[in-house]
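Heads up, the thing below is written out as structure tokens.
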2 protein chains.
Amino acid sequence: MYKSFLQNFNSKVRLTEEEEAFIKNYLTPKKLRKKQYLLQETDICKFIAFVEKGALRAYSVDENGKEHIIQFALEGWTISDLYSFLTSEPATYNIDALEDSELVLISKAAHEELLQKLPKYETYFRIQITGAYIAMQKRLTSIISSPLEERYKNLTALYPTIVERVPQHMIASYMGLQPETLSRIRRKIAAKK
Amino acid sequence: MYKSFLQNFNSKVRLTEEEEAFIKNYLTPKKLRKKQYLLQETDICKFIAFVEKGALRAYSVDENGKEHIIQFALEGWTISDLYSFLTSEPATYNIDALEDSELVLISKAAHEELLQKLPKYETYFRIQITGAYIAMQKRLTSIISSPLEERYKNLTALYPTIVERVPQHMIASYMGLQPETLSRIRRKIAAKK
DNA sequence: AAAAAGCATTGACTTTGGTCAATGCTTGAG
DNA sequence: CTCAAGCATTGACCAAAGTCAATGCTTTTT
């Protein structure tokens with residue numbers, strides 16, 4: 001239990017056995033069926049979720065009812081509505097499972113206590129969020145500066161697993177496109193080979 | 001000296017006088033003239049810069065020589081090429097001054113020593129980067145899910161100072177648009193009032 | 001096994017943003 | 001003070017992405 005989470009933690013900040021045992025007290029396992037919600041808009045986000053197994057997405061819904069995916073999380077990734085989590089304001093994102101999934105949840109209380117009591121947890125969190133920041137900055141840069149074709153190639157190069165496992169119309173949504181447009185871009189790329 | 005930086009720090013993590021004095025040893029002041037570079041692509045980014053006064057931008061340049069602004073930093077904000085800073089790989093962004101500016105630099109060595117020696121620094125950094133992450137996520141969400149008009153209104157509502165102080169074609173670049181397009185959007189908004 | 005739902009693709013057409021060129025205004029350097 | 005450069009705006013035209021509708025697969029559900 002928590003194997004993948006602890007492995008991820010140790011790869012960033014080395015823990016002793018006692019520390020591992022200590023942390024386990026603050027973790028909660030959770031299983032989700034495909035299509036099940038982990039978080040719904042207007043709920044208050046009470047956890048950070050680490051994906052042990054499976055796949056999730058975070059998305060917002062606009063006035064026209066259209067979904068816009070802002071993040072995927074596969075094995076080894078973390079997902080949450082951080083703003084809601086930290087401020088206790090209602091969430092602006094929905095999070096649900098794209099496949100049957102196994103998660104490790106860190107509740108808000110657990111998060112705060114761990115920050116207090118285990119400096120290594122703060123270090124782990126800092127490293128995680130810094131990595132997430134850099135990854136998102138790259139995504140943003142690619143959006144404002146690369147042509148669509150590049151962006152799609154980039155995405156498949158960087159996250160081949162996501163492109164394989166996730167339906168194409170969700171990839172389109174993640175890129176801010178209509179499914180038809182992505183389909184046409186793929187055709188164009190295929191034609192060039 | 002360092003007044004605004006220390007004030008910002010204290011607002012997030014309260015420091016004693018001794019701690020303040022201690023931190024000052026790790027800081028370097030720097031003045032930049034308008035248009036001067038703080039960092040050029042292919043350099044290795046050796047610092048995090050806190051803006052005491054003035055305005056800067058970070059941008060990338062594409063194959064066609066076009067600039068794409070990925071961040072502005074006014075008073076109280078922090079700017080850097082974090083990826084380059086943390087990995088010592090060549091920077092992918094340029095950073096220069098939009099106005100005469102006064103900065104506080106934290107070198108890589110200083111950053112690492114402060115993380116080691118002063119737990120409050122790690123806390124400060126964690127809070128900063130978390131805030132930056134959330135802000136960027138909002139920007140990203142707005143890009144993939146809102147129509148242009150909304151995005152511009154949002155930007156002026158959220159960062160009126162930036163829109164006032166920065167030339168319009170740079171705002172366009174920040175939004176991933178041509179200057180002409182932004183001009184037309186502004187006209188459209190103005191017409192509705 | 002049959003029916004239904006979800007998905008990717010394609011075509012025709014519309015809308016939106018980009019490109020190119022010109023104008024007039026403001027700012028800054030010499 | 002003058003001239004050049006930078007900037008915002010507009011118009012005419014072009015290219016790219018969105019919309020709507022239809023088709024044929026595949027996957028789920030019953």
Side-chain angles (χ1 to χ4, degrees), chain A residues 33-36 54-55 57 59 61-69 72 96-100 142-153 155-156 162-193, chain B residues 32-36 54-55 57 59 61-69 72 96-101 142-153 155-156 162-193:
Chain A
R33 284 280 169 72
K34 185 171 174 172
K35 297 200 178 178
Q36 232 184 313
R57 87 229 243 237
Y59 63 97
V61 179
D62 69 21
E63 328 79 69
N64 308 317
K66 282 195 182 160
E67 296 176 357
H68 302 276
I69 296 179
F72 293 112
D96 64 12
L98 302 177
E99 306 171 359
D100 294 353
S142 143
I143 290 182
I144 62 171
S145 62
S146 301
L148 274 189
E149 234 181 282
E150 291 307 314
R151 280 173 59 199
Y152 182 71
K153 281 189 205 161
L155 184 64
T156 49
I162 293 182
V163 178
E164 276 162 29
R165 277 163 67 177
V166 167
Q168 199 173 297
H169 71 276
M170 289 192 187
I171 303 287
S173 165
Y174 179 79
M175 295 179 71
L177 302 176
Q178 298 313 115
E180 294 96 329
T181 305
L182 180 54
S183 171
R184 283 172 187 129
I185 287 168
R186 279 162 49 83
R187 179 172 38 163
K188 224 160 126 191
I189 292 174
K192 289 192 182 165
K193 293 197 182 157
Chain B
L32 273 192
R33 285 282 169 70
K34 185 171 173 170
K35 297 202 178 178
Q36 231 184 311
R57 86 227 243 238
Y59 63 96
V61 179
D62 68 20
E63 328 79 69
N64 308 317
K66 281 192 184 163
E67 296 176 356
H68 301 275
I69 296 178
F72 293 111
D96 65 12
L98 302 177
E99 307 172 359
D100 294 352
S101 300
S142 145
I143 288 182
I144 63 172
S145 63
S146 302
L148 276 188
E149 232 181 285
E150 290 307 313
R151 281 174 59 199
Y152 182 72
K153 280 189 205 161
L155 184 65
T156 50
I162 293 182
V163 179
E164 276 163 27
R165 275 163 68 177
V166 168
Q168 201 173 296
H169 72 275
M170 290 193 184
I171 303 288
S173 165
Y174 180 79
M175 295 180 71
L177 302 176
Q178 298 313 114
E180 295 95 329
T181 305
L182 180 54
S183 172
R184 284 173 185 127
I185 288 168
R186 281 161 49 83
R187 179 171 39 162
K188 224 161 125 191
I189 293 174
K192 290 193 182 164
K193 293 200 179 149

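Labels below follow one simple rule: chain letters A, B, ... track the order of the sequence lines, proteins then strands, and each chain is numbered from 1.
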Out of curiosity, Glu164(A) CD to Thr156(A) OG1, how far, rounded to the nearest 0.5 Å? 10.0 Å
The nucleotide from dG17(C), dC20(C), dA17(D) with an atom nearest the side chain of Glu180(B) is dC20(C)
Length of the CD1-C1' vector between Ile143(A) and dA17(D), whole Å: 15 Å
In whole angstrom, give the distance that lies between atom CD1 of Ile171(A) and atom C1' of dC7(C). 14 Å
What's the NZ-C1' distance between Lys188(B) and dT15(C), to the nearest Å? 10 Å
Residue met sooner reading DNA chain D from 5', once His169(B) and Leu177(A) are mapped to nucleotides: His169(B)
For Lys34(A) and for Thr181(B), locate the closest nucleotide of DNA chain D by heavy-atom distance; then report the residue assigned to the nucleotide nearer the 5' terminus. Thr181(B)
Send over the distance from Ile144(A) CD1 to dG17(C) P, rounded to a whole Å. 17 Å
Taking atom P of dA16(D) as reference, at what distance in whole Å does atom CE of Met175(A) sit? 16 Å
Looking at Gln178(A), does any N or O in its side chain come under 4.0 Å of the phosphate oxygens OP1/OP2 on dC20(D)? no
What residue among Arg165(B), Arg57(B), Lys34(B) forms side-chain contact (heavy atoms from CB on, under 4.5 Å) with Leu98(B)? Arg57(B)
Between dT15(C) (C1') and Ile185(B) (CD1): distance, integer Å: 14 Å
Which heavy-atom pair separates Ile69(B) from Ile144(A) by the least distance, and what is that distance? O-CD1, 3.2 Å
Arg187(B) has an atom CZ; how far is it from atom P of dT16(C), in whole Å? 14 Å
Within the 4.5 Å heavy-atom criterion, are Leu155(B) and Tyr174(B) side-chain neighbours or not? yes
Counting any heavy atom closer than 4.0 Å, what does Leu182(B) reach on the DNA or RNA strands: base, sugar-phosphate only, or nothing? nothing
CZ (Arg33(A)) and CG (Asp100(A)) are apart, to the nearest 0.5 Å, by 6.0 Å
Quick one: is Ser183(B) getting a side-chain N or O under 4.0 Å of the dT9(D) phosphate, OP1 or OP2? yes
Taking for each residue the nucleotide of DNA chain C bearing the nearest heavy atom, is the 5' side occupied by Arg184(A) or by Lys66(B)? Arg184(A)
Whole Å only: how far is the CD atom of Glu164(A) from the P atom of dA8(C)? 15 Å
Ranking dA17(D), dA8(D), dG17(C) by distance to the side chain of Pro167(B), first place goes to dA8(D)
